[in-house]
Structure formats: structure tokens, C-alpha cells
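Below is one structure, written out as C-alpha cells, with a few remarks after it.
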Amino acid sequence: LDETKELNESTSFNRWLDTYFDEKGIDRDVSIEVDGPSGKNFMNVGVILDVIKTTTSREQAAIKDTLVKIDFKNGDPVHYLTHLAKAIAK
């Protein structure tokens, strides 16, 4: 039962995340450059969103909360994705 609830929450989050970036008009092919242990890493927005979708429900809730705050302040969510990409590159 908990597994079904978590799956439903994850599916709901995935839809929300896709809608958020669609409404912002952010192309999933936009490339983000970050430094990692092996040097420069290039990831497109779509790859970062795919990784976000594999995180725990707790991490997803924190990511959603941050994106909502960024949106409220008319900030650029790509800057936040760059921050997350740095963690992925490590």
C-alpha cells in the first residue's frame, strides 16, 4: 500500500515538474555546463529533469518547494537546475 502511494506521489510530481517547465517555455535541449571531477560536464535540461524524477519523495518535495519559491520571486529555474547539475556531476 505504501509502495502504491509513493508511486502515485511520484507520478503526480513528474506531471507537475513537466508542466512547470512547459509553462516556463524552457527547452529540454538547453545545455548546462558544470565542472565535475573529470572536468567539464554538459547536461541538457531534459537529462536533469529525468534525474530529478528518480529522487526520493522527500527530495522531490524539497525540489518542488524550491521551484515554487523561485517562481514566486520571478527567478530563473535554470539557475537552480545548474546547482542540481553540479551535484549530478560529482
Side-chain angles (χ1 to χ4, degrees):
L1 188 63
D2 286 339
E3 195 173 300
T4 302
K5 182 181 178 203
E6 180 127 347
L7 182 61
N8 288 340
E9 287 173 2
S10 180
T11 302
S12 175
F13 173 80
N14 292 351
R15 276 195 306 268
W16 177 87
L17 188 66
D18 288 336
T19 301
Y20 179 89
F21 280 90
D22 288 344
E23 288 178 354
K24 297 291 168 206
I26 297 170
D27 187 345
R28 282 161 175 69
D29 291 328
V30 168
S31 184
I32 294 176
E33 177 184 334
V34 294
D35 289 318
S38 62
K40 297 268 182 228
N41 289 264
F42 297 90
M43 290 174 241
N44 64 29
V45 167
V47 168
I48 298 166
L49 296 181
D50 287 344
V51 171
I52 290 171
K53 292 174 184 177
T54 67
T55 61
T56 66
S57 58
R58 178 177 281 174
E59 290 168 322
Q60 289 176 355
I63 289 166
K64 182 176 181 178
D65 184 56
T66 300
L67 286 170
V68 168
K69 287 177 182 174
I70 290 168
D71 188 43
F72 184 74
K73 294 181 179 185
N74 294 318
D76 183 359
V78 175
H79 289 289
Y80 181 56
L81 291 185
T82 301
H83 169 74
L84 295 177
K86 289 176 185 175
I88 295 167
K90 294 191 188 249

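Excluded from the calculations below are hydrogen atoms, water molecules and symmetry mates; all remaining heavy atoms, backbone and side chain alike, are included.
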#### Entry: Atom pair NZ (K24) and CG (D76), whose distance is rounded to the nearest 0.5 Å
10.0 Å

### Query
Would F42 end up clustered with V45 when hydrophobic side chains under 4.5 Å apart are linked, directly or stepwise?
no

### Task
Measure across A89 and P37 and return the closest heavy-atom pair with its distance rounded to 0.1 Å.
O-CD, 3.3 Å

### Query
What distance separates I48 CD1 from L81 CG, expressed to the nearest 0.5 Å?
5.5 Å

### Query
Do M43 and V51 belong together in a cluster built from hydrophobic side chains that touch within less than 4.5 Å?
yes

### Summary
Heavy-atom closest pair (Q60 atom, I52 atom, distance to 0.1 Å) is NE2-O, 3.7 Å

### Query
Rounded to the nearest 0.5 Å, what separation is found between the NZ atom of K64 and the CG atom of L17?
10.0 Å

### Message
Let me confirm one number: the NZ-NZ distance from K69 to K73, rounded to the nearest 0.5 Å.
### Response
8.0 Å

### Query
Are the side chains of Y20 and L49 in touch, meaning some heavy atoms are under 4.5 Å apart?
no

### Query
Side-chain contact, heavy-atom cut-off 4.5 Å: V47 with I32?
no

### Task
Mind checking the CZ-CD1 spacing from R58 to I63? Nearest 0.5 Å is all I need.
13.5 Å

### Message
Using the salt bridge (charged side-chain N to carboxylate O under 4.0 Å, His left out) criterion, which residues pair with K53? Sequence neighbours excluded.
### Response
D18

### Task
Grab the two heavy atoms, one from P77 and one from L67, that are nearest each other, plus how far apart they are.
CB-CD2, 3.9 Å

#### Entry: Qualifying side chain to side chain donor-acceptor pair (under 3.5 Å) pairs, either residue in residues 39-48, two or more places apart
E33-K40, D35-K40

### Summary
The reported gap from CD1 in I88 to OG1 in T82 (rounded to nearest 0.5 angstrom) is 10.5 Å

